[in-house]
Amino acid sequence: LGGSPFSVSLPCRPHPGTGGLAVMGDMRTGLPTSSDERDGADGAAAFAYGPDGAVEIVSRTATTAEFLDRWRHPGAIAARQWEERFGLEVYMPLIREAASAALSDAGLERTDHTLVSSPHRRAAATAAKELGATPGPEGLGYAGAADLGLRLAATLDQAKPGETVLSVSAADGCDAAVLRVTDRIADARHGPPVVEQLEGGREVTYATYLTWRGLLEREPPRRPDPERPAGPPAARAEAWKFAFVGSRCRRCGHVHVPPRRVCVGCGAVDEMERAPLADREGTVATYTVDRLAFSPSPPMIDAVVDFDGGGRYTLEVTDAAPEEVDIGTRLELTFRRLYTSGGVHNYFWKVRPI
Amino acid sequence: MASHGIKDKVAIVGMGCTRFGERWESSAADLLVDATEECFASTPQIGKQDVDAFWLGTLSSGQSGLVLSEPLGLDYKPVTRVENFCATGSEAFRNASYAVASGAYDVVMAVGVEKLKDSGYSGLATGRGSGDGTDPLATQTAPAAFSLLDPAYCNKYGVDRQAMRDAMTHVAWKNHANGALNPRAQFRSEVSKEKIAAAAGKVAGRLGVFDCSGVSDGAACALIVRAEEAHEYTDRPMFVKALSMVAGPASGPIDPSYDYTTFHEVARCAQDAYQQAEVTAPREQISMAEVHDCFTPTELVLMEDLGFSDRGEAWRDELEGEFNLDGSLPVNPDGGLKSFGHPIGASGLRMLFECWLQFRGEAGERQLSDPQLGMTHNLGGRPGSCVSFISIVGSERG
């Protein structure tokens, strides 16, 4: 685990010129019935660096050692782990040393918040107890490279200006840092709080989960696979496909998705301007549940969506059960994988109920 | 802008139509030979060598005129292969008729064929060319596309959802009952309304398997000559009154003004066809209609677009039996796509074949009393984005 410096040594160093952005994301796959499968989480977090930050880095330390606790052959779907008690024995001194060094460098005996992240469950639990860690968000499993980021984000969702945070990340060694929250924290929070996101989500069956992870091959529909997306047309349609940009007629205002040269409203030719619609909400004009369609998430719900301010397109509905969609249902766009065909992942937009 | 039509300028003097179905034993070439041989057998004065030109309709069973000339062993004749989605067979007929009307040829044959069951797929398998991966049609199936009509129609007209479902069931029941009387149909048994209703919702939206046309193989053909010479070949020719074809701008799926309760293409096509045929009161003047019942809600909406029902009333007319075999305007008396399946290139000519039989009094148990004008209608594509074809044919030259 942990080839990426971001995953193990957050906070990263800011770029002197631009500040920079640290993005960490992971999908944790365990072998079926394993504890990695049970306790794994998928997630992503991002932190922007710059002057006048919402969080100041007060101190940071690292300890390391060479030992065989976790390994994964490239291409293997899941990691393996050595006997847990051995890892606990090796990890704990590294964690204690890093944490106490970070605290003493910061001139503190304890912090207001403490968070611990480790793929080693028992080391994480033992360290949390010894360091008096704040309980992490309920229901958050171990999210790999994104785990520390998610836990820090959850802490910063609640931390008040002036409070301090000890962050401990134990993976093939241990990184520890002491952070201080500034009075700019309220403005720096973006998106819904981690706890709120954990309360969302929907249950899927184990068979569906295994299918999505590529661990269960199901009978395909008795119809041809969709054509794989082609390179040149996708390149020509870059703004449309990847940013949901349509066109608006300068003469009559008619909005088109996808963008067109000839106006549907007034027939004007090449009188269009860009119409980015990715942030628009829309309403279901009519809908269906396609039980024969090729989709990673059958049955496929299709809705004809009329966007606020103009534009209509037929899109797949996601994060919803069929009974949650009706004429008039309000929807928002979300960028997703539609299907994989010919070895090509086809990413485009779906809609989900607001 | 003009659409003059060719009313009473050409006539059909011979037809052939294979049994439709899962014809595992027959290739497309076999079906073409079967249909054309049946036709020539009924027209002693016209043999294969007497036909001046051919129009062949097929969506996916081959490309070029060779698809027909090779199996029939034609003697270096002009053969034009045409394709226009589900109106492909009708398009072959329309262009063949124009060839005679223009005076370019004396005797022309329109042939349609489709061999769908060799694909191994359970539905219609049509590829859409390479694209950017954003077209919903890459994944959305045909039944799903047409099931969009159901909630939109109920919502617009305030039709009770159960009443709409009952009307859809009635369409399937009626067309299966008609097909049960037709030896050339793919499905030849009645299906109870209880059975149809019990299967609802398992395919797409509220559509069940009985709300969908079948998938089948078949071929059909027609011999066309100038109307004034028609009686030289048969005592009961069938005269062409109107041929209308419309390709819409396909803006429905991207234009919020389209409400998914109508096919604008069909309404415009009907307007043109009625004008050509000088039909002013279609519900009264048309004796029978073979329409494109690919899915049960399609037939309901078509009744309104063709002017047979008032807007928002087709479901009621259907439930009241107006379009039954013994109703005021029999619709799909041969069993329709519901009973025949839909071998794309053949369907339009199969519809004409029912008019042919009915005008000649050869429709057996389905025989209508003294039909005067018949309509055939094809729809190719999806709601909001389709082509439409209508022919009107008559038993008498006006």
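Chain identifiers are assigned alphabetically (A, B, ...) following the order of the sequence lines, protein sequences preceding nucleic acid strands; residue numbering begins at 1 within each chain.
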### Query
Donor-acceptor pair, R312(A) side chain versus P253(B) backbone, under 3.5 Å?
no
### Message
Main chain of G133(B), side chain of R228(A): is a donor-acceptor contact present, judged purely on distance under 3.5 Å?
### Response
no
Side chain, backbone, both or neither of [X] within contact of chain B (heavy atoms, under 4.5 Å):
| X | value |
| --- | --- |
| V257(A) | backbone |
| T314(A) | both |
| W240(A) | side chain |

Is there a side-chain contact between [X] and [Y] (heavy atoms, below 4.5 Å)?
| X | Y | result |
| --- | --- | --- |
| I254(B) | R260(A) | yes |
| D255(B) | H254(A) | yes |
| T139(B) | L338(A) | no |
| F307(A) | P256(B) | no |
| D290(A) | Q140(B) | yes |
| T288(A) | F146(B) | no |
| P143(B) | L292(A) | yes |

For [X], I'd like to know if atom [atom1] has over 12 heavy atoms of other residues, nucleotides or ligands within 6.0 Å.
| X | atom1 | value |
| --- | --- | --- |
| D270(A) | CG | yes |
| E217(A) | CD | no |
| Q63(B) | CD | no |
| D326(A) | CG | yes |
| R161(B) | CZ | yes |
| R311(B) | CZ | yes |
| R330(A) | CZ | yes |
| K117(B) | NZ | yes |

### Residue among P151(B), S147(B), G252(B), A152(B) with most heavy-atom pairs under 4.5 Å to chain A
P151(B)
### Task
For chain A, find which of G120(B), G384(B), A145(B), A204(B) contributes the most heavy-atom pairs closer than 4.5 angstrom.
A204(B)
Output the distance between atom [atom1] ([X]) and atom [atom2] ([Y]), rounded to the nearest 0.5 Å.
| X | Y | atom1 | atom2 | answer |
| --- | --- | --- | --- | --- |
| F244(A) | T134(B) | CZ | OG1 | 9.0 Å |
| F242(A) | D132(B) | CZ | CG | 8.5 Å |
| T286(A) | D259(B) | OG1 | CG | 10.0 Å |

### Task
For each of K241(A), E316(A), E238(A), tally heavy-atom pairs with chain B at distances under 4.5 Å, and name the one with the top tally.
K241(A)
### Message
Testing the basics here: between G131(B) and P233(A), what is the closest heavy-atom pair and its distance to 0.1 Å?
### Response
C-CB, 3.7 Å
